[in-house]
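Okay, structure first, notes after.
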Amino acid sequence: MNADMAAQPGFDEPLNQSPPYVDVDLYGSDQPLQRAVACNGGEGDAAALSTFGKQWGSADMFELARQANENPPKLKAFDAKGFRRDVIEFHPAYHDLMAESVAAGLQASTWRDDAAPAAAPAQVTRAARFYMAAQVETGHLCPITMTRAAVAALAVEPTLVAKLMPKIVSRRYDPRFLPWFEKTGITLGMGMTEKQGGTDVRANRTRAEPDAEGYAINGDKWFMSAPMCDAFLVLAQAPGGLTCVLMPRFRADGSVNGLHFQRLKDKLGNRSNASSEVEFADAFAWRVGEEGRGVRTIINMVQLTRLDCAIASAGIMRMALAQAVHHARYRTVFQKHLADQPMMRAVLADMALDVEAATALVMRLARSFDLAADDPREAARARLLTPAVKYWVCKTAPGFIYEAMECLGGNGYVEESLLPRLYREAPVNAIWEGSGNVMCLDVIRALSREADAALTVLHELTGETLGLPGAGEAIAFIGKSFRRLDGERVARLAVEKLALLAAAAALNQVSPHHAELFAATRLATNHASMYGAVDLTNADIRGLLERALP
Ligand SMILES: Cc1cc2nc3c(=O)[nH]c(=O)nc-3n(C[C@H](O)[C@H](O)[C@H](O)COP(=O)(O)OP(=O)(O)OC[C@H]3O[C@@H](n4cnc5c(N)ncnc54)[C@H](O)[C@@H]3O)c2cc1C
C-alpha cells in the first residue's frame with residue numbers, strides 16, 4: 001500500500017457496494033402484493049400485514065434464517081448405549097422461526113376450531129403472510145404447510161378433530177418431544193412416498209392391520225419431512241385397500257410409537273428442514289376416512305399443499321427481485337448506476353412483470369379457496385387452476401432466481417448473499433406434491449372428469465381477459481389441445497398457456513395496464529428464453545421498477 005492510499009480516510013471500507021437488504025417492511029415496500037391482497041378482499045388486514053412485514057423483514061429474522069440453514073438438523077437415532085432415540089435435533093434458530101410462524105397462525109388460521117373453513121379473507125391474508133415468510137426462510141414452512149393442509153383430511157373424522165384441533169390451532173409452538181396430549185401446540189406431517197413410487201401411491205406397500213384401538217402399521221416411507229411433527233398422515237394398504245391413517249409420535253399410554261428413522265436426506269436445498277427415511281414397526285395409527293379411500297381422503301389436503309408451493313415460489317421470486325433491484329440502485333458500472341443502464345433496466349422490469357403476475361395469480365387463487373365452500377364456480381376454479389398455477393409459478397422460479405443472481409454479479413454467487421439459498425430452495429416446490437408432468441395430468445383429469453365445471457372456468461377467464469393481446473388465441477389453443485386424443489403429449493404447452501391466461505386475468509384485476517404488458521409479452525408472442533429480451537417502453541420499465549421497490 002503506498003502512503004497516498006493509506007492516507008485516504010476509510011480506504012479499507014468497501015466502495016460501490018449495496019447496503020444489506022434488511023430492516024424492510026416486506027408488505028409496505030411491495031405495491032404489487034398490497035394491490036393483489038386488496039383486490040382479493042384482504043384490504044382490511046393491511047395494518048396487521050404491514051406489522052408482520054416489518055417484523056419478518058427485520059435483520060434479526062434474516063439472521064435466524066441464516067443460522068437455521070447453516071446448522072442443519074441432525075438425526076440422533078440411538079443413545080450412547082444403543083437404545084433407540086429417533087429424534088432430530090434442530091438449531092434453536094429453526095425453533096424461533098417455527099414459533100414466529102405458529103404465533104402468526106400460518107399453520108391453522110384458515111380453519112375454525114371445528115375444522116370448518118374460516119371465513120374469507122382468511123386464505124388471502126394467510127397467503128400474504130406465507131408469501132412474506134417464504135421470502136425470509138422456506139425450510140421451516142414445510143411443517144407449517146403440512147399442518148394446515150392435513151386438517152382438510154382430518155375433517156372427515158369428528159372424534160380426531162375434537163381431540164386434536166385445539167392443539168393444531170394453538171398459537172403456542174411447542175418443540176418438546178412429548179405426547180401430543182401433553183403439549184401446548186402440535187404440528188402434523190405426511191408420509192406417502194415410498195421407494196417404488198411417489199407419484200403412483202397406489203403402489204404403496206406399507207401395511208395397515210386393524211388392531212384393538214386402530215391399526216398397526218408396518219413398512220417404510222422413502223421421504224417423510226419434518227419428522228419431529230407430532231403426528232403424520234400416512235397412506236398404507238389396509239384389508240379394504242389403500243387407506244389414510246394418522247400416526248402419532250407417541251402412543252396413548254405415553255410410550256414412543258414405532259417410527260424408526262433410518263437417515264436424513266442430504267438435500268440440494270431446504271436445509272433447515274429435515275426430510276427422513278423412516279421405517280414403521282407396529283406403529284399405532286388411527287384411521288382417517290374409509291378403508292380403501294386413502295387417495296380420496298388426502299386429495300383436499302394435496303390441493304392446499306400445492307397452493308402453498310405456488311405461494312412460496314412467488315415469495316422467493318419476489319425476494320430475489322427485490323435483492324436485484326436494490327443492488328442495481330447502488331452499484332455503479334461505467335459511471336452509471338446499474339439501475340440506470342438500459343439493458344439492466346429491461347432485465348429487471350421484465351422480471352418484475354413475472355413477479356407481478358405470479359403474485360396476483362396466487363392471491364387470486366387463494367381467493368378461490370376462500371369462496372369455494374359457498375360458490376361452486378370458485379370451487380371449480382380452485383380445482384382446475386391449482387395444478388396449472390403450481391406448474392407455472394414453481395417451474396418459473398429456478399430460472400428467475402438464477403437471473404436475479406446474475407444481476408448481483410459475483411456477489412450474487414456468494415453464500416452470504418441470500419441468492420444461493422433461494423436458488424437451491426426453488427426446485428423443490430416444483431418436485432414435491434406433484435411434479436410438473438403430474439400437474440399437467442391433473443389439469444387434464446379435471447377437464448375430463450369435471451368437464452362442465454372446467455369449461456365454466458375457461459369461459460370466465462375468457463371474459464376476464466377480453467381485449468388483452470393474445471388472450472383469444474390462447475383460449476382457442478387451450479380448448480383445441482385438450483380436445484385432442486393425444487392431449488397428454490401437448491399438455492405442457494396447453495397448461496402453460498392456461499396458467500399465463502389465468503395470470504393475465506388476475507393481473508387485469510390488480511393493474512389493467514400491467515395485464516396488457518404481460519399478455520403482450522407472454523400470450524401474444526412467446527416470451528424469449530432470457531429475461532430482458534423484450535421490447536418494453538422506457539415509461540413502462542420505469543413504472544414496473546417503481547412498483548417493484550419504492
Ligand atoms: C425435499 C423433499 C421433501 C419431501 N417430503 C415428502 C414428505 O414429507 N412426504 C412425502 O410423502 N413425500 C415427500 N417427498 C416426496 C415427493 O413428494 C416425491 O418425490 C414426488 O411426489 C415425486 O415422486 P417420486 O420421487 O417417486 O418420482 P416419480 O413418481 O418416479 O416421478 C418421476 C418423474 O416422472 C414424472 N411422471 C410421473 N408420472 C408420469 C406420467 N404418467 N407421465 C409423464 N411423467 C410422469 C414426474 O412428474 C416426475 O418428474 C419429498 C421430496 C423432496 C424432494
Side-chain angles (χ1 to χ4, degrees), residues 69 72-73 88 138-150 153 187-206 217 219-236 242 244-247 249 259 261-280 294-295 297-299 301-306 308-309 312-313 387-388 390-391 394-395 398 421 424-445 448 486-495:
N69 282 277
I88 287 91
T138 32
H140 84 286
L141 292 178
C142 171
I144 295 289
T145 283
M146 292 195 292
T147 304
R148 115 114 170 169
T187 53
L188 306 176
M190 52 185 75
M192 298 179 278
T193 307
E194 297 187 4
K195 292 189 187 84
Q196 70 280 1
T199 302
D200 186 5
V201 289
R202 286 189 165 80
N204 274 190
R205 293 188 306 179
T206 294
I217 312 295
D220 56 55
K221 294 291 166 185
W222 184 229
F223 278 92
M224 199 170 85
S225 289
M228 291 306 278
C229 284
D230 298 284
F232 299 86
L233 286 171
V234 167
L235 283 179
L242 192 64
C244 180
V245 297
L246 183 71
M247 182 188 288
R249 283 300 311 270
L259 289 80
F261 299 114
Q262 304 303 300
R263 58 176 173 170
L264 299 185
K265 301 287 190 189
D266 185 5
K267 296 177 287 183
L268 167 69
N270 196 252
R271 298 188 77 84
S272 65
N273 177 33
S275 299
S276 71
E277 293 167 18
V278 61
E279 282 183 9
F280 304 134
V295 172
T297 305
I298 60 163
I299 213 74
M301 167 188 93
V302 171
Q303 285 288 84
L304 290 175
T305 52
R306 289 175 180 171
D308 270 9
C309 287
S313 283
K390 179 182 186 283
Y391 176 78
C394 297
K395 289 182 82 66
R421 172 145 60 82
R424 285 196 300 270
E425 196 64 38
V428 73
N429 284 329
I431 291 175
W432 68 11
E433 294 306 297
S435 314
N437 290 352
V438 177
M439 292 299 87
C440 296
L441 290 172
D442 198 37
V443 172
I444 293 179
R445 195 172 306 121
S448 62
D486 63 346
E488 223 175 89
R489 192 168 58 76
V490 291
R492 275 190 172 221
L493 255 178
V495 170

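All ligand and atom numbering here is 1-based and tracks the order in the structure.
The pair Glu277-Arg263 meets the salt-bridge criterion, since a charged nitrogen lies less than 4.0 angstrom from a carboxylate oxygen. Under the 4.0 Å criterion applied to side-chain N and carboxylate O atoms, Asp308 and Arg148 are assigned as salt-bridge partners.
Taking every heavy atom of Met192 and a limit of under 4.0 angstrom, the matching atoms of ligand 1 come to 10 (C), 11 (O). Remark: ligand 1 atoms within the under-4.0 Å shell around heavy atoms of Glu433 are 17 (O). Here is the list of ligand 1 atoms found below 4.0 Å of a heavy atom in Lys267: 1 (C).
For atom 53 (C) of ligand 1, the choice among Phe223, Trp222, Trp432 with the nearest heavy atom turns out to be Phe223. Around atom 48 (C) of ligand 1, the closest heavy atom drawn from Pro143, Ser435, Cys440 belongs to Ser435.
Backbone and side-chain nitrogen or oxygen atoms of Met190 are examined, and one is located within less than 3.5 angstrom of a nitrogen or oxygen of ligand 1. Residue Gly191 places no N or O, backbone or side chain, under 3.5 Å from any N or O of ligand 1. Any N or O atom pair closer than 3.5 Å counts here, and Thr193 shares at least one such pair with ligand 1. The distance criterion of under 3.5 Å between nitrogen or oxygen atoms is met by Asn437 with respect to ligand 1. Polar contact check, Gly198 against ligand 1: a nitrogen or oxygen pair lies under 3.5 Å apart.
Checking atom 40 (C) of ligand 1 against the protein gives a heavy-atom contact under 4.0 Å. Distance remark: protein heavy atom present below 4.0 angstrom from atom 16 (C) of ligand 1. Shown here, atom 44 (N) of ligand 1 is in close reach of the protein: a heavy atom of it lies under 4.0 Å off. By the definition of a contact as any protein heavy atom under 4.0 Å away, atom 34 (O) of ligand 1 is not in contact. Per-atom contact check: atom 25 (O) of ligand 1 does not touch the protein, criterion being a heavy-atom distance below 4.0 Å.
For Ser276 and Gln262, the side-chain atoms include no donor-acceptor pair closer than 3.5 Å. Donor-acceptor pairing under 3.5 Å is recorded for the side chains of Lys221 and Asn204. Donor-acceptor pairing under 3.5 Å is lacking for the side chains of Arg424 and Asn270.
When non-hydrogen atoms are compared, ligand 1 lies under 4.0 Å from neither the backbone nor the side chain of Lys265. At a 4.0 Å heavy-atom cut-off, ligand 1 does not touch Lys221 at all. The side chain of Ser275, and not its backbone, has at least one atom closer than 4.0 Å to an atom of ligand 1 (non-hydrogen atoms only; side chain from C-beta on). Only side-chain heavy atoms of Leu441 come within less than 4.0 Å of ligand 1; its backbone N, CA, C and O stay farther off. At a heavy-atom cutoff of 4.0 Å, ligand 1 is contacted by both the backbone and the side chain of Val438.
In terms of protein heavy-atom proximity, atom 30 (O) of ligand 1 is nearest to Thr199 OG1, 4.9 Å. With respect to atom 5 (N) of ligand 1, the closest heavy atom belonging to the protein is Ser225 OG, 2.8 Å. Here the heavy atom of the protein found nearest to atom 20 (C) of ligand 1 is Ile431 O, 3.7 Å.
Side-chain atoms of Thr187 and Met146, non-hydrogen and from C-beta on, never get closer than 4.5 Å to each other. Considering only heavy atoms from C-beta on, Pro227 stays 4.5 Å or farther from Val278 through its side chain. Using a 4.5 Å cut-off on side-chain heavy atoms (C-beta onward), Glu279 and Leu259 make no contact.
Between the OG atom in Ser225 and the NZ atom in Lys267 there is a gap of 5.5 Å [rounded to 0.5 Å]. Within the model, atoms CZ of Arg492 and OH of Tyr391 stand 4.0 Å from one another, a figure rounded to the nearest 0.5 Å. One finds the CD1 atom of Ile299 at 11.5 Å from the CG atom of Leu304 (value rounded to the nearest 0.5 Å).
When all heavy atoms of Lys395 and Ala430 are compared, the closest pair comes out as CG-CB, 3.9 Å. Annotation for Asp220 and Lys195: closest pair OD2-NZ, 3.8 Å, computed over non-hydrogen atoms. For the residue pair Pro73 and Arg271, the shortest heavy atom distance occurs at CD-O, 3.2 Å.
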